[in-house]
Structure formats: structure tokens, C-alpha cells
Amino acid sequence: MLDKKLLITYLLVFSFLFNPLSSQCQSYDIVIYGGTSAGVAAAIQSSRLGKSVILIEPSSQVGGLTTGGLGATDVGNKEAIGGISKEFYVNIKKYYDDPANWKWQERSDYFNRPNEGRSKEGEEAMWTFEPTAAKKVYADMMAKEKITLVTEKRLNRKTGVKSRNNRIQSITMESGETYSGAMFMDATYEGDLLAAAGVSYATGREANSEYGETLNGVQANYYSVTLKGTMSRNGVHHNFIPGVDPYVVKGDPSSGLLPFIIEGGPGLDGSADNKLQAYCFRMTLTDHPDNRIPFEKPKNYNELEYELLFRNYEAAAGPLEEMYAYGDPLVPWINTPMPNRKTDTNNQKGFSTDFVGQNHDFPEASYEEREAMAQRHLEYQQGLMWSLAYHPRIPKQVREVVSKWGMSKDEYSKRNGWTPQLYVREARRMLSDYVVTQKDCESLVPEVEDGVGLAAYGMDSHMVQRYVDHNGYVQNEGNFEARVAAPYPIPYRAIVPKKGEAENLLVPVCVSSTHVAFGSIRMEPVFMVLGQSAATAASLAIDQNIAVQEVPYAELKQILLKDNQILEHK
């Protein structure tokens, strides 16, 4: 007869090995990796459709950039936003309808400000908000659903994806937890799951010739003509004043280039490369004295890293007082007002919060290498803000403006007001059976018959690299800004892998698109729209026991419309 303790041990081992809901192997209908805005919307929709769902976020930050400081929503066209995405912005308005949520500012003061931004009194939704508001709204929306949320669990990118017959069986975290499911979703900004699953993808910029575009590849010329025949402005608004010397000792090439300038030229105009548009941290600043943390000088501050900033001001053709008088604010930021005397502060001008050229290896970098890059971005930006506020070589007019601002005490308090979310504007892009291109953005393709959401923002890329031009001066390269013809559909084929690849994976963020098209698609409202559509398709695929590539679009469209998605521009 077995010893009682030994019998218990055998039973525990048996349970551990064969119970799929054990602590080591948990099973769900839909497994979502990436707690971005797309991941949150997908989890909510999965629950509403009656599917068991787990949302796995590799960091502690749920909500991606929507809770990470990007409170100035890049809308494009408000009429193109529906479903859970629109619901979020409606709930933001309800949050600010509560007088208790106006601590540092009167509501009327915010809405009566000139050039206030994207939100207007009387609208059903609100498009500008604090990170704390976004966190509260997302938390409330998720609390109403049956969603298992796991944070600080990172995918084992080397061996963590187990597949069989083109279907992902399970994914395993670095810490050992394994999650199995019928359907999987990569909702990360980086595309880590799709890459680990062997799905085709691209990084960097395609040559214009590859897809018949005009805005892709190297964009060193100031202007180019779009496919529609209109003019695109390339690098006009986010570049240096002419005549900024690039060398450590002015006029002496033998002294070497200043930090962050590449050797050699930018490359042939329109040619491909593996480089990415710049990242930064969106800043939630405040000028309220009781809530402001003054900008601090980083311990490892290197003045040489900001020499180009100083020289850019010094190279001004005329007196700065005249530039200021004619409406140039001189400060290199877009400081969009948010409620409660806060801002969403973003890059502007030639030397600003974008850490140009310092992220090109990010998509394929290890977690540790990415953390080091993010920390380097943070230190660079902290040094920039201290320089603008207090360095004696910064014009007095600029110092007087910037020093009135600082980080917000009541946002990201564990990080002294700095968001943990690096603004990963672009990393991997899936390559599927449909690649969205500049032609889609300019409505130059046959009508898409499987649209699952609309994009409406202009085609846009931040700077990619910093180089010395033929005159011997420093220039930024990579920026383009061009309008879309109208809100345009994103095909279902662009959010699922090509046929013959993963049959149970959906990708609502790293959409199958070119660098140009992704510059229009990559907006938080669109990611939420695509997350909801992806979850709906996943649910249909489960119900019908089919591959995601075989989901009947007519049935998918019917459900999406019922759930208030906007699929056509009228």
C-alpha cells in the first residue's frame, strides 16, 4: 500500500502534468500579447463576444501610448472612428464631466483657451486627456469584462513560440509561464510575437520603386510630388537653420563630427535602407507651481551632445527677438494643452525631443538592449529639457518659457513624472497577402472589399538620420508630410499573415504596410479599431474552426457594423 504522503505527491504531479489550467500552462480562447491600446480594445471585444481571453503585457504599463503620455489624439477625421475606440473617447468626456476630476484648473478655463487643441465643448467625445484619465477609463472598461490581465511577463523570443501545422499552440514567457489558446494576437508595437512565430515582416524603408511610391526611402530633397500630384514637404519644419557647423571644432573636419551625426551622405533619394523614424518620450508637463517638478540635470550630462542645439540658435539669420515677434515661439516643442494645466509635449524643430538616428537596431534588439536604448533616450531628453530651461547658451526668451514648466507630480510618480512608455513610432511591419501602400492612402487602388477599419491621418514620418550636406552643414533627413485623399479602408488581409503562415494569429498594430502607409495608419484610435476587428475575426474563426485567412468577410462585416465600427467613408 502506498504511503499517504507519496500518494499525495503522485496526485499533485499528475495534476501538474495533465491539467491545462495549472499555474504553468493556462489555456484561453484568445491569447493577446501586448497591452497596447489595440490589445486593450481586443480584450474587451473578446470578452463581449463570450470568449475567454488573457491580455499579457511585457511591461507594467497597460494602454501603450494612450496611457503613456499621448493625450493629444491624432484623429485625422473624427467621423472615421467607431466601436470601442469611439467608446473610449466618449468615456473620456464622461470622466471630465465630473467636476471632481478638475483639480488644477477650471473646466471652463480649459475649453475657453485659444488654440486649445482637438477637444471642443459640446462634442459627444473628448480627444485630449491626461494619462491618469486614460488609465482610469481603460481600467473601468476592462473591469466590466471577463479579462485575465497579466503584466511584466515577456515572451521568450527565441524558443517561446510552439507551433504545429502552421498554428501556434502556445507561447512561453521568459519567467516560465505558458499560455495556450485557439487564437493568438500580436498587439505589441514591436511585432515580437509575429517574428517569433516565423511570420514574414519588414523593417526600415522600402525603395520607392518597390511599390510604386514617391515618399518612401531616403527623402533628402525638401519637396517631392505625391502620386496624386500634390506637394509633400520633406524636412522643412523639423530641420536645422541653414549654416549649422557639424564639427566638434567649427570649420575643422579633422576634429570629428559632433554626436549623433552619421559619416557619409544620407543615401540616394528614394532608395531603401534599414533605418527607422526617431523615437522619443511624450512628456506630460505642467506650469502649476504646486504640481510642477523642475527639470533636473542628469548625472551623466554631456554638454557636447547639445552643441548642435546651441549652434542652431546661434545660426539664426536675424535677431531672435524679431523671429519671436513674428510668431515663432523659438522653443523646439509642440506643447499641446491637456486638462488640469498639463500638456502633451512632442518633438518640433531641428533639434528636439526626437533622438534622431539612435533607434535603428531597436526591432531586433534583445530586451536588455532595448532597455538600454530607452534609458539612453530618457537621459538625452532629460538633458535636453534642462538645457532649454537653464543653460546660458540658450536664448533668454526660450529659458524664460521652458523654466516655467516641469514634469507633473501626479503623473508617473514612481518615475519623477516621466512616462515608462517609449514612443515606438515604428518597428516591424508584417508582410501579408495585401500590403497597404501610398496608393491606398491616396485612394489610387481599386475599392477594397474587406475593410475592417478606416485610417484618416496624413502620411507622416519623423526624421530618420542626421548627416552633413554638400555645403558642409548639418541636416536632418527622413521627414515627410502629405495629406491622404480621404479616410481609406484597411483590408482584413493586412492584419492576418499571408496564406501558408500562422493560421491563428492576428496583428492589429504591426499591420502589413509600407513605411509610408504605416506613417498614416500608426495612430492610437486606429489601433483600437483594428484591435476590436481582430478580436471579432478571432471569435468567428474559433466558432467555425477555420484559419483566420478563411474568415468569411460578409459575416465579419455584419458583426463589425452591429458593434458600431466605421468601415466606409461617406
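Heavy atoms only: backbone and side chains are in, while hydrogens, waters and symmetry mates are out.
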* Asked: Which heavy atom of T514 sits nearest a heavy atom of Q438, and at what distance?
  -> OG1-N, 4.3 Å
* More than 12 foreign heavy atoms under 6.0 Å from OH of Y223: is that the case here? -> no
* **Q558 atom CD, over 12 foreign heavy atoms within 6.0 Å** => no
* Just by distance, with hydrogens left out, do E481 and S232 show a side-chain donor and acceptor under 3.5 Å apart? -> no
* Student check: side-chain heavy atoms of Y492 and V548 closer than 4.5 Å -> yes
* Is the H462 ring parallel, tilted or perpendicular to the H238 ring (thresholds 30°, 60°)? -> parallel
* Asked: If we ignore angles and hydrogens, is there a donor and acceptor under 3.5 Å between the side chains of N156 and E174?
  -> no
* Counting distance only, does the side-chain N/O of H377 pair as donor-acceptor with the main-chain N or O of T353 below 3.5 Å? -> no
* Counting distance only, does the side-chain N/O of S513 pair as donor-acceptor with the main-chain N or O of A517 below 3.5 Å? -> no
* Asked: Any side-chain heavy atom of Q421 within less than 4.5 Å of one from Y189?
  -> yes
* Decide yes or no for M173 and L155: does some side-chain heavy atom of the first lie under 4.5 Å from some side-chain heavy atom of the second? => yes
* To do: Can you see which heavy atom on V526 is nearest to which on L454, and at what distance?
  => CG2-O, 3.8 Å
* Report the C-alpha distance between D354 and R425 in whole Å, list the side-chain angles of each, state the deciding distance to 0.1 Å, and finish with yes or no for salt bridge (Lys or Arg N to Asp or Glu O under 4.0 Å). => CA-CA 11 Å; D354 280 357; R425 289 189 171 94; 3.0 Å; yes
* Is there a side-chain contact between E124 and K86 (heavy atoms, below 4.5 Å)? -> yes
* Asked: Going by distance alone, is a donor N or O of one side chain under 3.5 Å from an acceptor N or O of the other, for S175 and E177?
  -> yes
* Asked: Any sub-3.5 Å donor-acceptor pair from Q465's side-chain atoms to P266's backbone N or O?
  -> yes
* **Within 6.0 Å of CG in N545, more than 12 heavy atoms from elsewhere** => no
* Using the side chain to side chain contact (heavy atoms under 4.5 Å, CB included) rule, take D186 and F184 through it: C-alpha gap first, then chi angles, then the decisive distance, then the call. => CA-CA 7 Å; D186 186 339; F184 291 81; over 6 Å; no
* Let me see the working for S533 and Q565 under side-chain hydrogen bond (donor to acceptor under 3.5 Å, both in side chains), right down to the final yes or no. => CA-CA 8 Å; S533 294; Q565 289 280 56; 2.9 Å; yes
* I546 atom CD1, over 12 foreign heavy atoms within 6.0 Å -> yes
* Asked: Do K557 and E568 meet the salt-bridge criterion of a basic N to acidic O distance under 4.0 Å?
  -> yes
* To do: Start with the C-alpha distance between E206 and N216, add both sets of side-chain angles, then the distance that settles side-chain hydrogen bond (donor to acceptor under 3.5 Å, both in side chains), and finish with yes or no.
  => CA-CA 6 Å; E206 297 91 352; N216 216 330; 2.8 Å; yes
* Where is the tightest heavy-atom contact between A538 and I30, given as atom of each residue plus distance? -> CB-CD1, 3.9 Å
* Asked: Judged by atom type as modelled, is there a donor-acceptor pair below 3.5 Å linking the side chain of T36 to the main-chain atoms of A187?
  -> yes
* To do: With salt bridge (Lys or Arg N to Asp or Glu O under 4.0 Å) as the test, would you mind laying out the steps for D433 and K498 before giving the verdict?
  => CA-CA 5 Å; D433 288 325; K498 63 179 65 174; 5.8 Å; no
* To do: Kindly state whether the ring of Y423 and the ring of F281 have centres lying under 6.0 angstrom apart.
  => no
* Structure fact -> The salt bridge (charged side-chain N to carboxylate O under 4.0 Å, His left out) partners of D192 (sequence neighbours excluded) come to R157, R370, R428
* To do: Quick one: closest heavy-atom pair of G451 and Y553, and the distance?
  => O-OH, 2.6 Å
* Asked: Quick one: do the D563 and Q45 side chains pair a donor with an acceptor below 3.5 Å?
  -> yes
* **Side-chain heavy atoms of F355 within contact of R376, under 4.5 Å** => yes
* Mind jotting down which residue pairs meet the salt bridge (charged side-chain N to carboxylate O under 4.0 Å, His left out) criterion with at least one end in residues 514-534? Sequence neighbours excluded, please. => D460-R522
* To do: Work out which heavy atom in A125 is nearest to a heavy atom in W127; give both atom names and the distance.
  => CB-CZ2, 3.8 Å
* Structure fact -> Here the side-chain hydrogen bond (donor to acceptor under 3.5 Å, both in side chains) pairs for residues 134-149, sequence neighbours left out, are S47-E145, R48-E145, K136-D140
* Asked: Can you name the closest pair of heavy atoms from V509 and F527 and give their distance?
  -> O-CE2, 3.6 Å
* Give a yes or no answer on whether the side chain of D74 reaches the backbone of M523 with a donor-acceptor pair at less than 3.5 Å. => no
* **Non-neighbouring partners of E555 that pass salt bridge (charged side-chain N to carboxylate O under 4.0 Å, His left out), sequence neighbours left out** => none
* Find out whether T178 and Q26 are in side-chain contact, i.e. whether some heavy atom of one side chain is under 4.5 Å from a heavy atom of the other. => no
* Note: E190-R429 ion pair, threshold 4.0 Å (strictly below) -> no
* To do: Could you tell me whether a side-chain N or O of S512 sits under 3.5 Å from a main-chain N or O of M430, the two making a donor and an acceptor?
  => yes
* Asked: Charged N to carboxylate O below 4.0 Å: is that the case for E371 and R154?
  -> yes
* To do: Kindly indicate whether the side chain of L556, heavy atoms from C-beta on, has any atom under 4.5 Å from the side chain of V452.
  => yes
* To do: Without swapping roles, check the side chain of S271 against the backbone of G267 for a donor-acceptor pair under 3.5 Å.
  => no
* Pair E364-T203, side-chain donor/acceptor within less than 3.5 Å -> no
Show me the donor-acceptor pairs within less than 3.5 Å that the side chains of residues 483-491 make with the rest of the protein, sequence neighbours left out.
unit_1: Y488; atom_1: OH; unit_2: S520; atom_2: OG; d: 2.7

* Asked: Taking T536 for the side chain and Q532 for the main chain, is one N or O donor matched with an acceptor at less than 3.5 Å?
  -> yes
* Sort and list the pairs that fulfil salt bridge (charged side-chain N to carboxylate O under 4.0 Å, His left out) and have at least one residue in residues 437-454, not counting sequence neighbours. => D450-R493
* To do: Determine whether the aromatic ring centres of F88 and F129 lie less than 6.0 Å apart.
  => yes
* **Polar side chain donor-acceptor pair, S59 to E57, under 3.5 angstrom** => yes
* **Side-chain donor/acceptor of S432 to backbone N/O of A494, under 3.5 Å** => no
* To do: Would you tell me whether S170 and K162 have side-chain atoms, one donor and one acceptor, within less than 3.5 Å of each other?
  => no
* Is a side-chain donor or acceptor of Q549 paired with a backbone partner of P497 at a separation under 3.5 angstrom? -> yes
* Side-chain contact test, heavy atoms from C-beta onward, threshold under 4.5 Å: evaluate it for H515 versus S461 and give yes or no. => yes
* N234 and N479 side chains, donor-acceptor separation under 3.5 Å -> no
* Would you call D344 and R282 a salt bridge, using N to O less than 4.0 angstrom? -> yes
